[in-house]
Amino acid sequence: MKTTLSVIKADIGSIGGHVRPSDQLKKTVESYVHEHGKELLLDAYVSSTGDDIAILMSHRNGVDNPKIHELAWDAFMAGTAIAKKQGLYGAGQDLLKDAFAGNVRGMGPASCEFEFEERPNEPFVFFAADKTDPGAYNLPLYLAFADPMYCPGLLLSPAIAKGYRFTIMDVSYTEGDRVIELSAPDQLYDIACLLRDNERFVVESVHSRATGEIAAVVSTSRLHNIAGKYTGKDDPVALVRVQGSFPATGEILSPYRLAHYVAGTMRGSHVGPMMPVKLNSSVSFFDGPPVVSCAGFCVHDGKFTEAVDLFDHPFWDWVRNNAAQKAAEIRMQGFSGPAMLPYAELEYGGIVEKMRELDKHFVVREAARKGNGRKKKAA
Ligand code: F6R
Ligand code: MG
Ligand code: MG
């Protein structure tokens, strides 16, 4: 019998700005899910990362199941009522529609799901990031699934030596899901060509080439593509199966030691290093830096073990220090060049209006129009 894991997450309000949800808010969402999901779910785990609450659920209903999505939506609605009552900032922020319409996709919350036949032991990890967008996972997934410098299993383990198939989505296409499938190692350079552009091309899923099994899924929604205006960054979640025919847990984690620069942080409009943090962490400096947490589990007959906090280890303190240094370095140049996102990615409308106004006052010099004011030489 197949097990489905679904993560649905949303920012429905937080304390002290876009920092972290209140305990009461989290508890409300958690109790709602446990109470109303009794018949539907095998298990559930509710956590927060920055200002986002994520609901991880196991069940037998497959992906895109309307009842599962509705349960999460209703839990966030119940949470929003508490967020409003407590006067939390941005209460209900990510619930962009008034009524639930069958699937949370396109309605504000981010989601990722996969269905598989459980192995006798089924370890997996769950990532949640805040103050960034789904492309933030491009580099870590590429390095973990396609680069033996980070994943020595690609050289050492016959179970994974055949490599992986990446499904990559063009997230700027809003008429439907525009995707391409490319296999590593054969099409490594093609994969890299796309994944360099984190804001347009996003890894949606990864499959084992040896067994065809699903290895990883990422939430690909981009809020500013949905709402057409700034509503907060997309704060993506991801699920990755580990060990056996998949990379080891440590191989999946290894790229996060880079604290690579991603889009997000202050006003969703800058570039900052992605800092691996402990579960239920908040954000701080410059409304950031972008953070990612990682919980490790085993699931058996749909039941979760307790979560292991995979970034709660002395090694990651060193990475966090490096990330803080990288954050401070890029911040020194303020709005200039690569420190702030390009025009199309700015999440606030203010500068767009400013540019429109300034545009009216630009002049094209007459002299330039007539050939830089230089007289044509006589023939
Ligand atoms: C970034 C983020 C924050 C806010 C900033 C201003 O994703 O959530 O950086 O953009 O705190 O918030 P508002 O516009 O709500 O006052
Ligand atoms: Mg927010
Ligand atoms: Mg957030």
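Indexing begins at 1, ligand by ligand and atom by atom, following the structure's order.
Residue contacts with ligand 1: F286 is excluded, as none of its non-hydrogen atoms falls under 4.0 Å. The closest approach between a heavy atom of G17 and any atom of ligand 1 is not below 4.0 Å. Heavy-atom separations between D235 and ligand 1 are all 4.0 Å or longer.
The side chain of K131, and not its backbone, has at least one atom closer than 4.0 Å to an atom of ligand 1 (non-hydrogen atoms only; side chain from C-beta on).
Taking the ring centre of Y164 as origin, the terminal cationic atom of R209 falls outside the region bounded by 6.0 Å and 45° from the ring axis.
At a threshold of 2.8 Å, the Mg ion (ligand 3) has no backbone or side-chain N, O or S atom of D11 nearer than that distance.
For ligand 1, the atoms closer than 4.0 angstrom to any heavy atom of M266 are 9 (O).
F297 has its ring centre less than 6.0 Å from the ring centre of Y45. Ring centroids of F124 and F246 are separated by 6.0 Å or more, keeping the two rings apart.
Within D235, OD2 is the N, O or S atom that lies nearest to the Mg ion (ligand 3). Taking the Mg ion (ligand 3) as reference, the nearest N/O/S atom within D130 carries the name OD1. When you scan the N, O or S atoms of D51 for the one nearest the Mg ion (ligand 3), you land on OD1. In H18, the N, O or S atom that comes nearest to the Mg ion (ligand 2) is ND1.
In this model, a donor atom of one side chain and an acceptor atom of the other lie less than 3.5 Å apart for T49 and S293.
Within 6.0 Å of the NZ atom in K162, the count of heavy atoms belonging to other residues, nucleotides or ligands does not exceed 12. No more than 12 heavy atoms of other residues, nucleotides or ligands shown are found within 6.0 angstrom of OH on Y189.
Judged by distance alone, the side chain of E251 and the main-chain N or O of Y150 form no donor-acceptor pair under 3.5 Å.
Between Y89 and ligand 1, a contact under 3.5 Å exists for at least one N or O pair.
For R20, the salt bridge (charged side-chain N to carboxylate O under 4.0 Å, His left out) partners are D23, not counting sequence neighbours.
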